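Single-structure report; data block below.
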Amino acid sequence: MTEKLLEIDNLSVDYETARGDLKALRNITFDVNKREIVGIVGESGCGKSTLISAILRLIAPNTRFRNGEVRFKGEDLLTASERKIRDLRGDDISIVFQDPMQTHNPVISIGQQMVDIQHRSKASKAEKLATAAKMLGAVGIPDPEARLRQFPHEFSGGMRQRIAIAMALMSEPDLLIADEPTTALDATLEVQIIERLKDLQNDFGCAILFISHHLGVIAELCDRVVVMYAGAVVESGTVREIFHHPKHPYTRRLIECDPGHIKERARVLPTIPGEVPDLANLPTGCIFRDRCDQAFERCAEVPPLTRLSEGQNAACWLNHMEEPA
Amino acid sequence: MSPILEVKDLQTSYGHVNVLAGVSFSVEQGETYAMVGESGSGKTTVIRAIAGLAPAQAGSVKFDGQEIRGLSERAFRPLRKDIAMMFQDPTGSLSPRLTIRNLITEPYKIQGMKDRDLDAEAKRLLELVNLPAHFADRYPYQLSGGQARRVGVARALALEPKLILADEPTAGLDVSVQGELLNLLNDLRERLGLSMVIITHNLNVVRHVADRMGILYLGRLVEEGTTEAIFDAPRHPYTNCLLSANPEPDPDARLERIALKGEPPSLIKRPSGCEFRDRCPVASDICTQVPKFEVTGNHAVRCLTPLHL
């Protein structure tokens with residue numbers, strides 16, 4: 001029996017704006033099991049970042065939680081005390097951000113920064129430095145003791161992202177959230193980071209919630225995938241099912257659009273015509289209806305996220321054709 | 001036919017840092033040339049030096065047969081009609097206090113084209129890049145990344161250039177929007193006969209849009225050829241690593257990945273011999289010698305032990 005680490009249960013989050021409530025997340029449901037790598041894929045504006053900030057409760061003042069729960073080891077984080085949340089952040093749950101060039105303090109040495117984030121530990125400074133050096137070694141930075149004395153500008157982008165990963169893993173968290181950690185990096189470095197994450201996940205046994213819009217990276221790294229579109233989960237399931245047998249037209253189109261998927265050289269690349277709907281002024285029915293080439297009458301109703309098989313859920317009426325409307 | 005752009009032995013140094021150590025390539029009329037390499041390889045410097053936005057201490061840049069390296073800002077200005085630049089950061093390259101109308105018609109003002117009906121031009125350009133006409137009154141902060149990118153394209157196309165220099169035109173775009181932008185550029189290339197130099201590290205994009213490509217390592221081309229030839233049979237071990245590092249959107253794809261050792265060497269202390277040898281998976285003793293850029297047919301490589309030959 002797999003143990004659930006993080007459960008997002010029917011979560012809806014709005015932003016209050018002058019134009020009315022922007023419905024950033026609507027009825028999001030998915031789990032992350034212990035030691036599992038779950039990918040969240042979706043285009044800009046689909047709510048990936050809102051989701052992360054909701055999990056860590058690092059929220060803007062105009063954020064409103066409308067319904068649902070975020071449970072971490074069974075405990076609801078949305079109602080937990082500020083103190084409790086602060087204990088979790090960086091200890092049980094840690095995060096690697098998108099831009100490695102801006103993650104570190106430019107005027108403090110890497111060693112000092114790595115000692116500072118161990119402020120909860122009662123170890124001596126020498127021991128903390130030793131831990132820091134060990135972690136730098138673990139993410140593949142050569143000559144870690146000497147490197148600790150250096151400043152962020154003395155490292156390349158790929159090294160800085162690896163240092164960010166080392167810092168996130170130092171407290172041996174149960175859950176590592178990685179928010180597009182490879183987007184700012186080149187293909188070679190991207191691969192380096194993915195391989196490193198795989199190894200570290202193996203060694204430390206943490207679960208990873210990996211956010212990306214790069215399908216190739218998700219396919220390579222993750223066990224399961226959650227596909228988001230305009231603030232809703234449209235499909236979730238095992239990597240294999242999602243990439244080989246997508247059950248939602250959006251997922252299918254997204255995979256078709258990836259130029260890496262098209263083996264033959266094509267001058268004209270496939271696209272998804274239309275724009276993402278305005279979340280402050282939601283259309284009725286299925287959120288993808290306007291851009292969907294398979295939409296029919298029933299799509300005027302919002303389709304529920306339904307379990308189709310052991311490894312797959314999708315929110316599309318096309319999967320309900322046999323049953324009467 | 002003579003090439004629209006001919007770059008020969010272009011060199012750029014910032015102080016002691018030798019960023020471009022002699023880059024040569026040419027682009028034919030209507031051709032798309034992709035320049036590929038990792039961060040710090042000098043990709044951006046190449047096109048900035050061509051556009052006169054970065055210094056170039058030596059070498060030659062010929063545009064339409066005319067030498068343009070080292071021109072003063074003033075002497076370069078008339079050429080900006082023919083050579084357009086698309087910058088890397090779409091929103092950051094648009095002034096936040098100008099409306100989209102003003103942004104995309106600014107090139108006419110700079111070129112002193114007073115007879116133009118700017119409203120009509122704005123409308124035409126927005127239509128060209130598939131943006132609704134009412135976007136003319138918007139400000140950059142009201143645009144998504146993909147829309148800002150298209151405004152950048154509109155601005156680059158305003159003066160009907162002959163050559164577009166595009167710095168990572170699809171970085172940070174979602175796959176569906178990326179396809180839209182590349183299709184747009186391709187369509188314009190066919191209709192207007194544009195030539196393009198695209199800088200990118202996204203190899204999936206290169207395969208679909210570029211006719212020819214060059215691979216840059218430490219400010220030098222290490223391989224050049226038609227896109228097909230390079231994807232089919234890369235000759236430089238570095239190219240081979242790059243191609244193998246391309247993650248595929250298929251969980252069952254078993255990739256034969258060739259790991260690249262270490263970090264890119266420092267430009268201040270360039271390695272002796274072949275500059276790639278410390279990271280090269282197939283380096284041997286012979287690699288202490290400096291390899292020449294050897295051309296066989298229309299495929300060139302800078303390696304003493306090339307692959308697939």
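By convention in this document, chain letters (A, B, ...) are assigned in the order of the sequence lines, proteins followed by strands, and residues within each chain are numbered from 1. Source: prediction; values computed, not measured.
Closest non-hydrogen pair, A:P259 versus B:R207, comes out as O-NH2, 3.7 Å.
Contact check for A:T271 versus B:Q178: no side-chain heavy atoms found under the 4.5 Å cut-off.
The candidate from A:H244, A:R253, A:E256 with the greatest count of non-hydrogen atom pairs under 4.5 Å with chain B is A:H244. Most heavy-atom pairs under 4.5 Å with chain B, from the set A:I255, A:L215, A:I218, A:D258: that is A:D258.
Applying a 4.5 Å heavy-atom cutoff, the residues of residues 222-229 of chain B that approach chain A are B:T227, B:E228.
For B:E190, no part lies near chain A; criterion is any non-hydrogen pair under 4.5 Å. Only the side chain of A:E195 comes within less than 4.5 Å of a heavy atom in chain B; its backbone stays farther off. Neither the backbone nor the side chain of A:I242 comes within less than 4.5 Å of any heavy atom in chain B.
Residue-environment remark: NE2 (B:H16) stays at or below the threshold of 12 foreign heavy atoms within 6.0 Å. No more than 12 heavy atoms of other residues, nucleotides or ligands sit less than 6.0 Å from atom CZ of A:R149. Summarising the local packing, NZ of B:K123 is surrounded by 12 or fewer heavy atoms from other residues, nucleotides or ligands at distances under 6.0 Å.
B:N183 contributes a side-chain N or O that, together with a main-chain N or O of A:L269, makes up a donor-acceptor pair within less than 3.5 Å. Side-chain atoms of A:H213 do not come within 3.5 Å of backbone N or O of B:V175 as any donor-acceptor pair.
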Counting only pairs under 3.5 Å, give me each side-chain donor-acceptor contact of residues 135-146 of chain A, with atom names and distances, residues two or more places apart or in other chains.
none

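The distance from the CD atom of A:E190 to the CG atom of B:N202 is 8.5 Å, given to the nearest 0.5 Å.
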Verdict with supporting geometry, A:E220 and B:D250, side chain to side chain contact (heavy atoms under 4.5 Å, CB included): CA-CA 7 Å; A:E220 180 151 355; B:D250 178 355; over 6 Å; no

